[in-house]
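Everything below concerns the one structure shown next.
Every chain is numbered from 1, with letters handed out A, B, ... down the list of sequences. In this text the structure is predicted, and so the values were computed from the model without any measurement.
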Amino acid sequence: MTPPNLRVHGLTKSFGGVTALAGVDLTVPAGQVHALLGHNGAGKSTLIKCLGGAFPPDSGTIEIGGTPYARLTPRESIAAGVAIIYQTLSVVDALTVAENIFLGQEWTRYGRIDRGAQEEAAAGLLKRVAATCSPRDRVGDLPTGQRQLVEIAKALSRSASVLVLDEPTAALSGAESDALARRVEDLRTEGLAIVYVTHLLSEVERLADAVTVMRDGRVTHQSSVTGLSRGELVTAIAGRPHEQTVRPAPNSARQATAPRLVVEGLHGPGFGPVDLSVGEGERVGLFGLIGSGRTRLLETLFGRRRSTGGTVRLGERAVAPARPAQALAAGIALVPADRRAQALFPPLTAQDNVLLPSMRPLARGGLRALGTERRVFGALADAVGLRPALPGLPAGAFSGGNQQKLVLGRWINTARQVQVLLLDEPTQGVDVGARHEIYRVVTGLAEERGTAVLFASSDPEEIVALADRCLIVAGGRVVGELSGASLTEQALLSAVHDRAVSGTAVHDRAASGTGGTADVAPDQHADPGADNDPGPLAPPAEGAA
Amino acid sequence: MTTADTALFRPRALATGGLAAVRRHPLILVLAAMVLVFQVSTGSFLAPANLSGIATDAAALAVVAVPLALLVISGYLDLSVGSTLALGGLVAGRLANEGQSPAVAVLGALAVGAAVGAVNGVLCCYLGLSPFIVTLGMLTAVRGLDQQLFPLPLSGFGSGFAWLGGATIAGIAAPVVIAALVLVAGALFLAFAPGGRHVFAIGVNREAAHLSGINIRRTPFLLFVATGVAAALAGAVKASVLDSVVAGTSGAGFELTVLTAVLIGGVALTGGSGSILGVLLGVLFLGGLQNGLTLLNVPTFWQQMAQGTALVAGAALAYLAPRTGR
């Protein structure tokens with residue numbers, strides 16, 4: 001009997017007293033897609049970095065195609081047939097597709113790179129992964145999905161037998177994700193052993209043959225996917241029974257009271273005109289595909305981008321922030337989508353990460369109020385359930401979920417008075433457990449402090465769990481609204497996917513779909529015609545008639 | 001890396017802080033070894049007169065190294081300080097020659113330094129030009145300006161102006177007192193002023209700092225101005241100590257020496273990390289190295305080789321040291 005492509009046995013690894021892997025076993029035979037699940041910080045990243053040779057394990061063996069290794073260098077790992085596609089792709093933007101695929105293993109002829117042969121071979125590999133790009137395209141010009149396929153093609157060119165995909169769909173659009181799923185199925189058929197790291201249970205259900213769940217560096221669940229329920233998986237990941245994502249009663253009373261954020265005819269590059277309003281203590285979701293303009297809308301409200309027209313009012317006061325600092329002064333805060341690039345200061349301490357923008361307001365006589373800072377941080381750490389609650393630990397050492405709590409905590413601590421909280425993909429790269437804590441914190445903020453929450457998400461489950469009301473966004477415009485009992489995952493998905501397929505022409509259908517639900521609250525706030533707007537091109541005034 | 005300065009000012013933490021400081025700044029051990037070697041080989045390295053000589057020489061370095069370190073931590077760089085130093089010395093010297101009071105002479109130098117720093121700051125922070133290119137250009141341009149405005153060497157500044165470089169305050173040379181004040185101010189700023197944390201934040205992640213409402217232009221702009229002011233102040237002090245300034249040569253190469261001290265002191269050229277304690281160690285190390293080698297009659301070019309090797313060796317050690325954390 002042939003040995004499995006990958007067998008990991010008793011792998012341990014610790015970092016200065018912190019155990020990252022505590023005896024992990026994992027076997028992936030040829031032709032299997034093996035999902036690897038677990039919280040951020042559960043040890044998945046450490047495991048795949050040991051496979052890729054980035055870290056030497058402390059003990060245990062990694063067996064690839066029957067050959068055991070106590071440790072691997074990155075070069076040995078590649079030679080042994082392991083290919084790892086990390087979340088942050090390692091393609092070189094300035095080179096062509098073919099040059100990227102053969103980077104480090106160039107085909108030469110008389111000492112010169114044989115471009116023709118490379119491009120021909122690259123074309124074959126690209127066809128195998130069904131990439132639509134050409135071998136001569138510059139990788140920097142390609143969308144993320146194509147770049148990822150280039151990396152997979154590169155792995156195939158090295159005749160990899162073990163393919164590790166680290167949250168491959170995190171940065172992909174819905175259509176790109178579907179395409180990737182089909183490629184993964186093809187590669188399984190070709191006999192690769194595939195380790196698929198993901199947070200999305202739907203991907204496990206669709207793609208995986210077997211699943212391993214890790215928690216605190218240990219394997220807590222390992223089985224085939226057949227016959228496994230979603231509840232069992234969530235329990236294994238969270239380490240406790242699944243909290244049902246029961247929607248709280250929609251906050252229509254709040255909506256009726258006072259609109260806190262009112263946006264009228266706002267437009268800017270890539271979106272608009274947009275009309276919307278968020279009541280005091282109301283949580284409004286913006287649901288749409290990546291590229292639908294949600295992020296641009298939020299960034300414009302926050303002053304990171306300039307609007308080209310329209311008005312934004314906070315209560316009665318008109319605001320037009322030209323910089324984030326001005327938005328913050330007015331009481332509008334944003335938690336951006338890309339935590340690493342836009343929000344986190346990894347080497348700075350947890351406390352600094354939370355309190356950086358509040359140090360100046362808290363300071364007395366130009367000096368930081370260190371005691372107050374510590375108290376504010378302590379209270380926040382309790383409120384959001386930060387783990388570990390160590391003020392001096394660098395933010396980069398926390399798990400993704402806890403990093404997100406730090407970033408969220410920047411605006412919701414007791415030193416700040418935020419009127420409007422904008423969240424862009426609030427739980428991207430956040431594990432299931434922390435996700436529910438973040439929902440709880442945001443919900444509590446809206447209910448107790450009356451903060452108006454406007455958040456964008458491409459995860460229907462998240463919209464249903466967090467929103468009182470949801471606006472459907474496509475092509476930079478609000479094209480529909482769901483609330484009450486009509487706000488379901490199915491309704492969201494059909495609203496967006498219908499739209500993605502047929503473009504803006506289906507607007508009437510979507511509008512009748514939303515308007516037709518009996519429980520959509522009639523428009524009671526100062527937002528003329530947002531619900532009954534006959535079409536996105538019609539000026540708002542007409543809808544009010 | 002970023003809490004070292006805070007720990008320095010909490011007496012309770014001093015004992016454990018000492019050990020932590022050694023771990024954070026292995027340069028302390030290198031410095032100690034160097035002192036030992038020089039003392040054994042020269043017999044006079046630790047003599048009070050020599051130590052005070054080292055301190056006075058290192059003072060100008062320290063005055064500029066502190067704001068420069070803050071600038072580098074925030075992700076910027078200033079290569080123009082050598083020429084600004086000369087300009088500061090020339091302006092102060094000319095004012096002293098014209099019979100102005102030492103205070104006016106120094107203030108004149110500081111104003112000119114602030115102007116050079118402001119030009120750097122506007123170009124780099126508000127117009128977004130590359131600090132490397134801008135300040136490299138300014139290094140040459142200001143040197144040209146120095147020579148255009150002051151074609152002849154200046155000297156004979158008078159006893160009033162000589163006070164700046166020659167006086168002792170409680171037995172300590174005035175330049176050393178000035179350097180100590182600058183070092184303490186820098187450390188206090190990093191630890192206790194909100195702007196100190198902003199410096200780190202901007203250096204670590206500019207975009208995140210911007211989205212956190214931190215003014216990512218004004219803080220580094222002010223640091224450019226501070227660096228220009230400090231360079232001019234160092235120039236005035238040097239002019240006073242030497243009682244001479246020459247437009248073509250004063251402070252030539254100073255910009256690289258001070259940057260070397262900052263980098264040996266553990267400030268990351270990529271921004272986001274560094275400490276004033278490290279800068280002090282870097283300055284003492286370079287100053288001590290130069291002095292010890294001079295005592296040993298090592299020729300100047302060997303000294304330069306030693307200085308350069310120390311920088312590269314320091315970088316190599318930092319690279320080879322085991323990294324912690326995931």
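- With hydrogens and angles ignored, the 3.5 Å screen pairs no side-chain donor or acceptor of N205(B) with any backbone N or O of F345(A).
- When the candidates A341(A), P394(A), P346(A) are compared by the number of heavy-atom contacts under 4.5 Å with chain B, A341(A) comes out ahead.
- For the atom pair CZ of R197(B) and CG of L355(A), the computed distance is 11.5 Å after rounding to the nearest 0.5 Å.
- Contacts of L362(A) with chain B are absent, with no heavy-atom separation under 4.5 Å from either backbone or side chain.
- Y126(B) OH: more than 12 foreign heavy atoms inside a 6.0 Å radius.
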Where do F302(A) and L211(B) land on the side chain to side chain contact (heavy atoms under 4.5 Å, CB included) test, with the steps shown first?
CA-CA 9 Å; F302(A) 186 55; L211(B) 295 184; 3.8 Å; yes
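- Of the atoms belonging to L328(A), it is side-chain heavy atoms, and not backbone ones, that fall under 4.5 Å from chain B.
- Only the backbone of A343(A) comes within less than 4.5 Å of a heavy atom in chain B; its side chain stays farther off.
- Between chain B and the residues P324(A), A325(A), A363(A), the most heavy-atom pairs under 4.5 angstrom are made by P324(A).
- Around atom CZ of R416(A), more than 12 heavy atoms belonging to other residues, nucleotides or ligands sit under 6.0 Å away.
- Within 6.0 Å of the CZ atom in R305(A), the count of heavy atoms belonging to other residues, nucleotides or ligands exceeds 12.
- If you measure heavy-atom distances from R410(A) to chain B, the contacts under 4.5 Å come from the side chain alone.
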